[in-house]
Undergrad: 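Handing you this structure, nothing more for now.
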Amino acid sequence: MNILITGGAGYIGSHVVKQLGEKTDYNLTVLDNLVTGFRSAVLYGDFIKSDLSNFDEIEGIFKARRFDAVIHFAASLIVPESVKNPLKYYLNNTANTANLIKLCVKYGVNNFVFSSTAAVYGEPDISKMPITENSLLSPINPYGMSKLMSETILRDASKAYKDFNYIALRYFNVAGAALDGKIGQSTKDATHLIKVAAETALGKRDKIYIFGDDYPTFDGTCIRDYIHVEDLSDAHLKALSFLQENKKSDIFNCGYGHGFSVKEVVNTMKEVSGVDFKVEITKRREGDPAVLIAGNKKIKEKLNWTPKYDDLKLICKSALEWEKKI
Ligand SMILES: NC(=O)c1ccc[n+]([C@@H]2O[C@H](COP(=O)([O-])OP(=O)(O)OC[C@H]3O[C@@H](n4cnc5c(N)ncnc54)[C@H](O)[C@@H]3O)[C@@H](O)[C@H]2O)c1
């Protein structure tokens with residue numbers, strides 16, 4: 001299988017490239033503009049530095065290489081930035097995705113795996129947990145909307161062009177690093193809790209902020225569903241197989257189906273690092289739902305996905321070990 005992976009030098013993309021590369025049945029082309037990704041994270045495949053907005057160049061790549069599938073990670077993903085600069089998000093996430101789909105249809109690339117997000121659900125009611133794929137779609141920021149619009153384009157394209165199929169994977173909170181220590185999350189100025197906690201444990205930050213401890217949860221802090229990046233990567237391999245075997249489009253949540261509070265995560269990082277780092281409670285951020293938990297019945301049943309690393313200590317430890325190296 002000849003696969004194009006956009007954004008494959010990024011955090012999640014590089015882990016999927018690694019899992020695919022460790023198998024012999026895939027030919028990989030990794031395309032990334034390296035704006036937030038790292039060339040060194042790409043362990044397998046041919047690497048092409050290019051930007052998805054460069055339509056002619058991307059079309060040249062489609063002409064030269066006959067892809068069987070595309071896995072599309074490339075995106076901008078900082079929520080507050082999307083509120084300040086929505087056009088960046090609609091152009092990089094939605095318009096570039098539309099152009100990529102156009103090339104897939106034109107060149108007969110009929111299998112498309114798309115990185116979507118729990119942000120398409122917006123701020124679901126705490127009584128509505130876990131979130132299923134049929135829950136209300138109501139993004140509250142341009143980032144989430146740019147992804148929902150991409151999903152909509154995929155849905156309509158798959159209806160109009162009968163051979164074109166896609167799987168949208170809606171990731172919850174992705175965390176951790178490859179367990180062999182070869183790659184991990186190197187994102188600059190990351191806002192992801194587990195990475196920030198690892199940085200704080202290692203003295204790269206003075207303290208960690210907890211944004212609000214007055215939420216209607218058992219300890220007052222927000223609860224999220226943290227999924228280890230290797231389990232998430234495996235979902236992509238399963239999605240590819242599903243597309244090949246069933247030639248059918250679908251959408252799946254990716255998470256473990258239960259969550260941890262911010263305080264629990266911070267305390268777990270303290271425990272695995274042995275460092276009692278400084279924590280400051282500050283006010284809530286706008287748009288942070290109290291609880292986000294993925295209903296994962298569908299992905300388990302239909303993709304036959306079985307998580308292996310549903311263990312907060314292991315996730316924190318792998319993030320910490322990677323953080324020591326960078
Ligand atoms: N990290 C999470 O917790 C999370 C949660 C939900 C969804 N997602 C989605 O997963 C995908 C990957 O996220 P990530 O955490 O690995 O982020 P990342 O920033 O590490 O990866 C994105 C990659 O895409 C590249 N890129 C961006 N725009 C590009 C363009 N126009 N042309 C070529 N390359 C481009 C970047 O250089 C980077 O390597 C994104 O689509 C994101 O929306 C991530």
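The residues of the chain are indexed from 1 along the displayed sequence. Atoms within a ligand are numbered from 1 in the order they appear, just like the ligands themselves. Predicted, not measured: the structure shown is a model, and the values here were computed from it.
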Undergrad: Compile the protein residues with any heavy atom at a distance under 4.0 Å from an atom of ligand 1; present them by chain, then by number.
TA: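 These residues qualify: G7, A9, G10, Y11, I12, D32, N33, L34, V35, T36, G37, S50, D51, L52, F73, A74, A75, L77, N92, N96, S115, S116, T117, Y143, K147, Y171, F172, V174, H192.
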Undergrad: Take atom CG of D206 as the centre, draw a 6.0 Å sphere, and report whether it contains more than 12 heavy atoms from other residues, nucleotides or ligands.
TA: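 It does not: D206 CG has 12 such atoms or fewer within range.
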Undergrad: Below 6.0 angstrom between ring centroids: does that apply to H228 and Y226?
TA: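 No, the ring centres sit 6.0 Å or more apart.
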Undergrad: For F67 together with F62, are the ring centres under 6.0 Å from each other?
TA: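 Ring centroids of F62 and F67 are less than 6.0 Å from each other.
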Undergrad: Output all residues satisfying side-chain hydrogen bond (donor to acceptor under 3.5 Å, both in side chains) with S115, sequence neighbours left out; order by chain, then residue number.
TA: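 S115: side-chain hydrogen bond (donor to acceptor under 3.5 Å, both in side chains) contacts with Y171.
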Undergrad: Among all residues two or more places apart in sequence or in another chain, which pass the ring pair (Phe, Tyr, Trp, His ring centres under 6.0 Å) test with F172?
TA: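 Expected list: none.
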Undergrad: For residues 14-44, which residue pairs pass the ring pair (Phe, Tyr, Trp, His ring centres under 6.0 Å) check, not counting sequence neighbours?
TA: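 Applying ring pair (Phe, Tyr, Trp, His ring centres under 6.0 Å) to every pair that reaches into residues 14-44, excluding sequence neighbours, yields Y11-H15.
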